[in-house]
Every structure is written in structure tokens, then in C-alpha cells.
Chemist: 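The structure that follows is given in the form of C-alpha cells.
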Amino acid sequence: MSRYNVKETEAKWQSLWESQGCFTAREDASRPKYYVLEMFPYPSGRIHMGHVRNYTIGDVIARFKRAKGFNVLHPMGWDAFGLPAENAALEKKTHPASWTRENIATMRGQLKTMGLSIDWDREIATCDVEYYRHEQKMFLDFLKAGLAYRKESWVNWDPVDNTVLANEQVIDGRGWRTGALVEKRKLSQWFLKITAFADDLLKGLETLDRWPERVRIMQENWIGKSTGVRFRFALKDRADTAPNQTLEVFTTRPDTLFGASFAAISPNHPLAAELAASNPELAEFIAECNRLGTSEEAIETAEKRGFDTGLKVVHPLDPSWELPVYVANFVLMEYGTGAIFACPAHDQRDLDFARKYGLPVLPVVIPADADPASFAVETEAYTGPGVLRNSRFLDGLDVESAKQEVGKRLESTGQGERTTQFRLRDWGVSRQRYWGCPIPVIHCESCGIVPVPDDQLPVVLPEDVTFDKPGNPLSHHPSWKHTACPSCGKPALRETDTFDTFIESSWYFARFCSPKEDSTGFTRESVDYWLGVDQYIGGIEHAVLHLLYSRFWTRALKTCGYLNLDEPFTGLFTQGMVNHETYKDADSGAWLAPTDLEKNDKGQWVHRDTKAPVNVGRVEKMSKSKKNVVDPAHIIGTYGADAARLFMLSDSPPERDLEWTESGIDGAWRYINRLWRMVTDAPVALPPVGAPKPDALSAKAEATRRLVHKTIAGMSEDLDKFRFNKAVARVRELSNALGELDGSGEGEAWVLREGFESVVRLIGPMMPHLAEELWVALGHQGLLTDQPWPEADPALVTEDSVKIAVQVNGKLRATLDLPRDLDKESAERVALADANVQRALEGKPVRKVIVVPNRVINVVV
RNA sequence: GCGGGCGUGGCGAAAUCGGUAGACGCUAGGGACUUAAAAUCCCUCGCCGUUAGGCAUGCGGGUUCGAGUCCCGCCGCCCGCACCA
């Protein structure tokens with residue numbers, strides 16, 4: 001029996017596609033365009049199974065849309081700046097640039113073995129000055145437009161590495177690499193004004209009907225719009241300060257203002273700092289609050305704590321009513337005004353605090369079904385709807401009306417205004433890191449911050465740096481930061497911070513439209529033609545950060561006249577993870593890799609060398625630490641890209657997690673070989689390409705032919721809707737049916753050819769190498785890649801006769817073969833005549849017969 | 001705590017307009033071929049029952065001629081956010 005030679009075959013077609021420039025994209029106004037993009041990889045070293053899944057899904061869509069006649073853009077690039085390169089530089093004594101470029105070379109080679117329909121001419125790497133120079137220009141335009149600014153802000157500071165850490169890099173209050181206790185430091189940082197688009201980013205979500213609901217909800221929550229009232233308390237005069245001071249607070253519950261029992265400010269509130277200057281006890285309290293980390297655990301277990309400042313504020317609606325002012329650890333400086341008024345009866349945090357410090361708890365909203373006289377709040381705040389009580393002129397109103405009423409009152413006296421508050425904060429983009437895009441500004445002692453003028457761009461990241469000292473190598477570079485002020489000419493210093501690498505990924509999709517353009521990041525014509533991305537595909541982990549930043553950046557570009565587009569990604573698909581069983585040595589408990597194991601004669605896993613018993617653990621995300629990774633290169637080398645691709649698409653729906661198994665990849669491999677044998681070693685000689693359909697077909701041939709067309713119709717829909725697992729099941733079903741045809745009956749050989757050709761075309765997007773090989777085997781000239789998607793004959797998609805279930809009182813008693821669309825009366829007659837049905841009726845009178853055409857008949861007795 | 005999702009054979013899953021539950025595959029078992037193995041091919045495979053049939057979609061109710069699907073109440077698992085006033 002001859003065998004399919006995967007290695008040779010796959011390499012052959014890959015080089016043919018490349019030499020013929022099959023996937024080179026060109027703008028063509030006469031054809032509908034389709035932009036397919038998978039989230040570009042970070043060049044970490046080698047591709048992993050997550051990449052294989054991501055790029056397989058993208059490639060199926062790209063090839064499918066191509067066959068459907070779209071002008072497809074399907075590019076690839078490298079998210080090449082970032083921390084791991086610097087860590088590698090330290091650990092492996094290499095340079096981030098060379099480490100990154102070597103990884104790119106390796107991974108490009110690996111991706112090419114997958115047979116992806118990518119336009120490699122458009123490849124970009126974000127660490128190339130040809131790329132990042134354009135974002136420097138964009139940033140300076142944002143600066144001019146007021147969308148970028150500099151301010152002091154608190155950061156996580158690692159005192160050993162002398163660097164800022166992202167929140168994700170702080171684990172239990174310690175630096176992830178050094179283990180040093182992280183300090184809060186105030187640093188001058190660059191910010192992008194994403195909050196300027198808060199409302200617009202929120203509204204835009206409504207237009208993204210081809211995004212997963214949950215991603216939209218996550219972004220909605222992240223933006224966190226609240227409507228309420230911002231108002232100012234008058235501070236009772238203090239002897240030591242100027243009179244007429246006010247304390248501004250924000251609340252979403254102005255209706256509960258008459259239930260107020262205290263005001264609270266954040267430990268980082270300017271007023272707190274002011275008071276602490278003359279109050280060492282308060283200063284100590286504030287320091288304590290700051291020491292307590294902001295880790296999730298710390299917050300969850302933290303007790304509400306406060307410090308009575310002794311200050312009083314005047315209730316805005318009653319000049320004779322005074323409230324104490326506390327510094328409270330649960331009030332965030334970053335949200336609202338950093339100060340609140342507290343109504344313990346209707347806010348759990350306020351209630352916890354009030355109970356601890358013995359402050360009044362007065363319910364002012366009474367649920368409709370409760371007795372106003374006896375309704376009391378003990379340990380659980382009441383946050384539901386109800387009627388206002390104990391609230392003077394608000395009494396009797398519902399919550400919503402009371403909110404409006406208080407808002408109006410405060411506005412009329414000038415004490416406050418109704419307003420909208422967002423949870424979203426501006427995007428801090430400064431990183432005290434080397435391997436990133438230099439921020440193009442200069443610090444001059446006389447002129448302050450001076451943007452680098454256009455004619456001095458780009459600011460090139462120097463490669464002659466050393467990593468022998470902690471901190472940012474850019475600061476240590478002997479000459480790089482020393483420059484002349486573009487404004488006054490005096491010696492000045494370059495900014496040594498680099499951009500957050502999320503900036504590069506915020507516009508790379510636009511760069512792909514004109515990747516070779518020197519003068520600008522992209523040409524207007526190219527983005528007008530290609531953008532937005534019709535189908536974006538990637539992991540759910542970027543649901544907020546990258547996907548929100550890109551939406552912001554696109555809007556900022558629009559503001560600065562770069563393009564006319566709001567949403568960069570019109571369609572989004574988030575794929576699940578690739579998981580694998582985990583293994584541990586039964587004695588030592590050490591993690592073991594799948595390649596360390598073998599099955600013994602009892603079918604149990606044991607260690608390959610020591611034969612020691614192995615415990616099989618949970619199925620978890622592939623990770624180096626748990627050693628449950630399978631190297632795609634090894635799989636592709638053994639079974640070929642098509643088998644790996646088929647496995648990725650089979651069984652699990654793409655949005656769900658997928659378990660990688662050895663038997664699964666074996667199954668994919670078996671199918672590929674079976675298909676190859678079936679076509680290359682057909683039971684009868686097939687009629688030549690293009691032979692006309694014979695007039696007569698055997699019943700079996702006719703039935704098989706119908707299945708062919710049903711499969712074409714079904715699979716087209718499946719691929720459109722990302723139901724790859726069903727598409728695979730369908731084409732397997734068709735192959736099974738074709739395997740049943742021995743070609744001896746009338747017209748069967750012709751149907752076999754039609755069936756084989758259809759299968760080959762249908763698997764084209766999923767298993768492109770095998771498909772090309774079989775296309776040739778079937779006697780065709782030219783590439784299958786250039787063939788259009790098959791069309792189903794509508795007349796063959798529906799059957800003439802249908803199987804109808806007959807139920808008696810809802811229980812299945814018989815199935816009947818009836819002509820399609822048979823009238824109800826006849827159907828009922830045939831059903832009642834059936835022997836099984838008669839037996840089930842047991843002679844009881846028929847009360848009612850429900851006939852659902854072409855589906856079911858239910859006899860009710 | 002808030003928000004979202006999901007519970008179907010030994011396993012991954014189909015059934016997405018309320019109409020035959022388990023397509024397709026994996027595993028397992030049996031058989032054929034072979035000196036043998038691999039590969040391949042055939043058969044069986046939700047549970048109980050000899051058959052007739054009965055029971056089955058996390059649990060308990062409800063609506064309906066008919067519920068995996070809709071409604072109400074529980075239980076369990078997963079994900080995101082998390083002192084956001």
C-alpha cells in the first residue's frame with residue numbers, strides 16, 4: 001500500500017505558492033476586500049500550540065474568503081519590543097536586538113511550515129526604526145492635539161532593579177524578578193488621554209455587532225460610566241487655614257443625601273496631606289495605608305479603617321447640620337474627587353465603616369413592601385428601589401426622582417452639578433525600559449519639555465548599550481541622551497523613557513496596509529481601501545487592554561487627520577486555549593513532560609527511563625512551568641501541517657478550550673491518509689475532468705450526490721459562522737459516504753468524481769497541501785488555491801422524501817418515509833395507519849393530531 | 001460582592017426557530033487479513049431489560065400535544081472585574 005508523503009508534498013506546495021506569489025495582496029477597487037488578521041506574535045523563541053490554533057483559524061477564513069472571490073489581505077508581523085528581550089539579554093548575555101531578530105527568523109521559518117496563505121511581502125517588526133519612527137510622529141501629533149500630556153503619578157517601583165513595574169509584574173507586593181518589596185513612587189510620566197474618548201469608546205461598542213458579547217461587556221465595565229452628582233461641602237473654618245474652603249465629592253446616590261452620616265477622603269487626598277503636615281498620628285495612618293499593597297488579596301482582607309480629622313463639613317441642604325470628616329482607607333484618590341459623602345444605610349462600605357466607628361445609620365429609602373416605621377438596616381445595606389423617607393422635601397419620591405430633585409437643588413444654589421463619571425483612567429505610557437520606542441521629547445532647563453522637531457525624527461534607539469548596571473541602559477549610555485535643545489540650542493537631555501509596547505500593537509493593523517511607505521505610517525488610500533479589519537482573531541486575554549488601546553489610537557489618529565475610521569476591528573473572534581494533561585512523578589511530585597513518558601504493558605503511564613509510576617493530573621493550559629507543552633515543530637515534522645491544522649479545527653468549537661491529545665492527532669493523520677488513498681486509489685476509473693453528467697444514476701449514486709451538495713451548502717455556512725468542528729464532521733460524513741460507493745452502479749463513477757472534487761475543494765481552506773495534491777491527482781491543471789469555492793445545487797440540497805417521527809402522547813412510536821411537504825391530512829392518515837402507532841394507541845380514541853410538516857406527527861389520546 | 005458563561009455517553013462534542021437526544025470523532029471491546037507486528041478493513045459501544053419496552057441532557061418544580069432548548073427556584077464549575085462612592 002502506497003503512503004502519502006507529507007514532508008515532500010507540503011514543502012512542494014509551500015514553495016509553489018510562494019514562487020507564484022499566490023497570496024500577494026493588491027488594492028483593487030473592482031473587488032470586495034476582506035482583511036483577515038490574527039493577533040501578531042511576540043517573538044519569544046519558538047511558536048507554540050496557541051499560535052498554531054490562532055493562525056489555523058485565520059488561515060481557514062482567509063483561504064475561504066479568497067475562494068469566495070474576495071480580495072484578501074492576510075499579513076503577518078512581529079510584536080517585537082518588550083521586556084522578555086531585556087531579561088534574555090541579562091540571562092543569556094546577548095543583546096535584545098539580536099535575541100529578538102534570531103527569534104523572528106526561527107519563528108518565521110516555523111510559521112512557513114504551516115502553509116499559511118500570508119502575504120509575507122508585508123511582514124513588519126515593530127522594533128525596526130522604519131516602523132516605530134511613525135509612531136513617534138503620531139505621538140507628537142497627539143501632543144499637539146492635546147491628547148498626550150505629562151503628569152506626576154504613583155508607580156510601582158522596584159528598588160533593586162531601579163525600574164517601574166507594571167501592575168501585572170507585582171506579585172504579592174514584590175517585584176516578580178527581584179522579589180524586592182515594591183514601593184509606591186511618584187514619577188513624572190507621559191499619559192495618553194484615552195478618557196477624552198470614554199463616552200465615544202462606550203458608544204462605539206454598540207456598533208460592534210460582530211464582536212463577542214462578553215468582550216463588549218468587559219470593555220463596558222472597564223470604561224465604567226456612572227451618572228451622579230458632583231458637589232462641594234463647605235468646610236467649617238479652621239483656625240489654621242484660610243476660610244471658605246470646600247471639599248468636593250462625587251456620588252451616584254444624591255437621593256440618599258439626608259441619610260448622610262460622615263464624609264471621607266482618600267489617604268492620598270491633598271487635604272489629608274495638608275492635615276498630616278501638622279498631625280504626626282495622621283501622617284502615620286496615611287503611611288500605613290500606603291504600605292498596604294493594592295494586591296487583590298490585600299484589598300479583600302483589608303478592614304475598613306479611618307482616622308477622624310476633627311474637621312467638620314456642612315450638609316449642603318441644611319446649614320445647621322455638620323458631618324465629621326474621616327480619612328478612610330477605602331476611598332480611592334484615582335476615582336471621582338478622592339472624597340465621598342457616606343450614607344451607611346444604603347452603601348455596604350459606608351455601613352461597615354459606620355458600625356466600626358459608631359456613626360449614625362439612618363435609612364432613607366424604604367422598600368415598597370416594608371413598614372417605614374420599623375424598617376431598619378443592621379449589617380446589610382439596602383441598595384434596592386423604594387420610597388424616600390426621613391428626607392424632608394424628598395419624602396414620598398422614588399429613588400430616580402429623588403436623584404434628579406437633589407441634583408436640581410444643588411445646581412440651583414451653585415453647590416454642585418449633575419455629571420458623568422468614568423472608571424477609565426488615562427493611559428500611562430512611560431516605561432523606564434530600554435527595549436522599546438524612544439519617547440521623542442527633549443528636556444531643556446530653559447524651555448522645559450520640547451518635542452523633537454520633524455527634521456530630527458526618528459529618535460533612533462541606540463544598540464550600543466550595556467546591561468551591567470541596574471536601571472535603564474538608555475540613561476547609562478555615555479552620549480545618547482545628551483543633545484541640544486531644538487528651541488534654544490543649549491545643552492539638553494533626551495527623554496530616556498520608552499513607550500509601553502501596547503502602543504506598537506495599537507496601529508500595526510494600519511501599517512500592514514502600506515508597510516513599505518517611508519514618509520508616513522500608512523497612506524490614506526491604502527487604509528481607506530483595507531480598513532477596518534474584517535476579521536480579527538486572537539486570545540481573550542486581550543479583551544480589554546490591546547483591543548481598547550487600538551480603538552483609542554484609531555480615534556486619536558482620526559482626530560489628527562490620519563484616517564477616517566472609528567473602529568479598527570469590525571469583526572472579532574476570540575479563540576480558546578490549547579490545554580494538555582499534566583503529569584507528575586508519583587514519588588517526587590515533580591512535573592513531567594509528555595515526552596518523558598511511555599505506557600507500560602498495563603496501559604499506565606510510567607517514566608520513560610526509570611519506569612517509575614506517574615500521576616496523571618488535570619487538563620490545564622500548556623505552560624512551561626507545568627511541562628505539559630507539545631512542540632508544534634515536532635508535530636508538524638511528524639504528521640505534517642495539515643494534520644495539525646485538522647486537529648485544531650476538529651471536535652472543540654474554536655471559542656472553547658481544546659485538549660491536545662496524541663490520539664487526536666493520530667486520528668487526524670489517519671483521516672488524511674484515508675482520503676489520500678480514497679482519491680488516488682479509486683475503486684473504478686473516474687470519468688475525465690469536465691465529463692457531462694450521465695442521464696441515469698443508480699439510487700445510491702443519486703443519494704450520494706445529494707449528500708455532496710448538502711455538504712457544500714452546510715460547510716459554506718459552517719465556515720461563515722466559525723463552526724469548524726461541524727464543518728469537519730460534515731466532510732468526514734461525506735467521505736464516509738463516498739467510501740461506500742464502489743463505482744459499479746450506473747453513474748457512480750461520475751458521482752465519485754463529483755464527490756472527490758467537492759471534498760478536495762471543501763478541505764482546501766483547512767488542509768491546503770493535501771487539497772492541492774489531490775486536485776492534481778484528479779487530473780487538474782493549475783492550483784486549487786486559485787479555484788472558486790464550490791456552489792451547491794439548491795435542487796439537490798433538499799430531499800424528495802423525509803423521515804418523519806410519529807409520536808403517541810409525545811413518545812416516539814414509529815418513523816415514516818413520506819414525500820416532502822406532504823399535506824397534513826394525508827400525513828395524519830398514513831401515521832394513524834401504521835401498525836406500531838395502532839398498537840400504542842391501544843384502541844383509545846384519538847383526541848388530537850399535531851402535524852409539523854417534514855418533522856413530526858404527534859397523536860394525542 | 002458585581003458582571004458574564006457553562007453543566008448532554010468512558011471522553012471531545014452534535015442537536016441554537018420548542019419537534020426522532022447523542023451526528024462526527026476519540027477511547028474501549030470483538031473479528032478479518034498477517035508467521036508476527038504495524039497499517040488497513042468490518043462489527044459493537046448512553047443506562048436497565050431476553051424481547052416488548054422503560055429510563056436518560058446537574059437537581060426540583062412549571063408552561064406545552066411535545067422541553068437539552070422557554071419560565072421559576074436550587075446545586076456545581078469556569079472566566080472577567082473588584083473598596084470605582
Side-chain angles (χ1 to χ4, degrees), chain A residues 1 3 212-222 224-226 228 249-254 256 264 266 294 296 298-300 302-304 328-332 334-343 346-350 352-353 383 421-425 540-541 543-544 576 603 619 646-647 650-653 655-659 661-668 670-671 673-674 677 721 723 725-736 739 803-816 836 839-840 847-861:
Chain A
M1 195 183 298
R3 277 177 76 123
E213 177 77 13
R214 88 174 157 134
V215 174
R216 290 198 310 235
I217 289 168
M218 279 160 78
Q219 292 211 357
E220 206 178 300
N221 293 340
W222 187 267
K225 183 176 182 170
S226 308
V249 301
F250 172 75
T251 180
T252 56
R253 296 298 303 272
T256 64
S266 162
T294 49
E296 285 173 29
I299 288 166
E300 204 166 347
E303 215 183 327
K304 301 278 175 291
N329 65 345
F330 68 92
V331 181
L332 304 173
E334 298 82 33
Y335 184 76
T337 63
I340 60 162
F341 99 81
C343 173
H346 305 292
D347 182 286
Q348 192 60 45
R349 293 155 302 181
D350 298 350
D352 294 346
F353 192 89
T383 56
Q421 182 69 45
F422 292 94
R423 211 188 70 111
L424 184 69
R425 305 203 181 124
I540 186 77
E541 66 273 18
V544 174
V619 175
L646 177 61
F647 180 87
S650 306
D651 294 352
S652 289
E655 68 277 8
R656 237 180 275 182
D657 287 355
L658 169 103
E659 188 194 346
T661 60
E662 200 65 26
S663 53
I665 186 71
D666 273 340
R670 276 201 299 271
Y671 178 66
N673 280 284
R674 186 167 151 239
R677 278 195 310 270
K721 295 186 173 161
R723 298 189 293 221
N725 53 328
K726 283 177 72 180
V728 171
R730 244 186 250 275
V731 80
R732 291 186 93 128
E733 216 170 353
L734 177 57
S735 331
N736 291 345
K803 274 207 166 64
I804 294 185
V806 185
Q807 303 174 332
V808 176
N809 282 346
K811 295 215 181 284
L812 182 69
R813 295 300 170 194
T815 54
L816 301 174
N836 283 327
R839 186 151 42 107
R847 277 175 42 211
K848 198 167 155 192
V849 180
I850 288 131
V851 181
V852 182
N854 302 325
R855 286 212 180 255
V856 75
I857 296 167
N858 192 10
V859 182
V860 186
V861 296

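Reminder, nothing fancy here: chain letters follow the sequence lines and each chain counts from 1. If you're wondering where the values come from, they're calculated on a predicted model, not measured in any experiment.
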Chemist: State whether K811(A) places a side-chain N or O below 4.0 Å from either non-bridging phosphate oxygen (OP1 or OP2) of rA67(B).
Modeler: no
Chemist: I want to verify a distance call: between rU20(B), rG19(B), rC26(B), whose nearest atom is closest to the V852(A) side chain?
Modeler: rG19(B)
Chemist: Contact class for R730(A) (heavy atom, under 4.0 Å): base, sugar-phosphate, or nothing?
Modeler: nothing
Chemist: Report yes if at least one side-chain N or O of N858(A) is closer than 4.0 Å to OP1 or OP2 of rU64(B); otherwise report no.
Modeler: no
Chemist: When you measure from the centre of the six-membered ring of F353(A), is the NZ or CZ of K304(A) closer than 6.0 Å and no more than 45° off the axis?
Modeler: no
Chemist: Please classify the nucleic acid contact of N736(A) as base, sugar-phosphate, or nothing, using heavy-atom distances under 4.0 Å.
Modeler: sugar-phosphate
Chemist: Under 3.5 Å, is there a donor on one side chain and an acceptor on the other for R674(A) and N736(A)?
Modeler: yes
Chemist: For R732(A), answer base if it contacts any base atom (sugar-phosphate contacts may also be present), sugar-phosphate if it contacts only those atoms, and nothing otherwise; contact means non-hydrogen atoms under 4.0 Å.
Modeler: sugar-phosphate
Chemist: When you get a sec, tell me which of rA52(B), rU20(B), rA85(B) is the closest nucleotide to the side chain of R839(A)?
Modeler: rA52(B)
Chemist: Categorize V856(A) for me: base, sugar-phosphate, or nothing, with a 4.0 angstrom heavy-atom threshold over every strand shown.
Modeler: base
Chemist: To the side chain of A729(A), which of rA85(B), rU20(B), rA23(B) is closest?
Modeler: rA23(B)
Chemist: R216(A) near the nucleic acid: base, sugar-phosphate alone, or nothing, with a heavy-atom cut-off under 4.0 Å?
Modeler: nothing
Chemist: R677(A) has a side chain; which of rU40(B), rA85(B), rG80(B) sits nearest to it?
Modeler: rU40(B)
Chemist: Expressed in angstrom and rounded to an integer, what is the separation of F330(A) atom CZ from rA82(B) atom P?
Modeler: 19 Å
Chemist: Between side-chain atoms of residues 853-861 of chain A and protein atoms elsewhere (two or more places apart, or another chain), which donor-acceptor pairs fall under 3.5 Å?
Modeler:
from	atom 1	to	atom 2	distance (Å)
N854(A)	OD1	D821(A)	N	2.8
N854(A)	ND2	D821(A)	OD1	2.8
N858(A)	OD1	G810(A)	N	3.0

Chemist: Looking for any heavy atom pair under 4.0 Å, which part of the strands does S226(A) touch: base, sugar-phosphate only, or nothing?
Modeler: sugar-phosphate
Chemist: Looking across every strand, which nucleic acid part, if any, lies under 4.0 Å from L332(A) by heavy atom: base, sugar-phosphate, or nothing?
Modeler: base
Chemist: With the criterion being N/O to N/O and under 3.5 Å, what pairs connect the protein with nucleotides 10-16 of chain B, and how long is each?
Modeler:
from	atom 1	to	atom 2	distance (Å)
rG12(B)	O2'	S652(A)	OG	3.0
rG12(B)	N2	D651(A)	OD1	2.7
rA14(B)	OP1	N725(A)	ND2	3.3
rA15(B)	OP1	K726(A)	NZ	2.6

Chemist: Might you work through the salt bridge (Lys or Arg N to Asp or Glu O under 4.0 Å) test for R730(A) and E733(A), ending with a clear yes or no?
Modeler: CA-CA 5 Å; R730(A) 244 186 250 275; E733(A) 216 170 353; over 6 Å; no
Chemist: Send over the distance from R670(A) CZ to rC24(B) P, rounded to a whole Å.
Modeler: 16 Å
Chemist: Give a yes/no answer on whether the side chain of R813(A) brings an N or O atom under 4.0 Å of OP1 or OP2 in rG54(B).
Modeler: yes
Chemist: Rounding to an integer number of Å, can you tell me how far F353(A) CZ sits from rC83(B) P?
Modeler: 17 Å
Chemist: Mind telling me if rG9(B) is syn or anti? Syn here is a glycosidic angle within 90° of 0.
Modeler: syn
Chemist: Just call it for V544(A): base, sugar-phosphate, or nothing, with non-hydrogen atoms closer than 4.0 Å on any strand.
Modeler: nothing
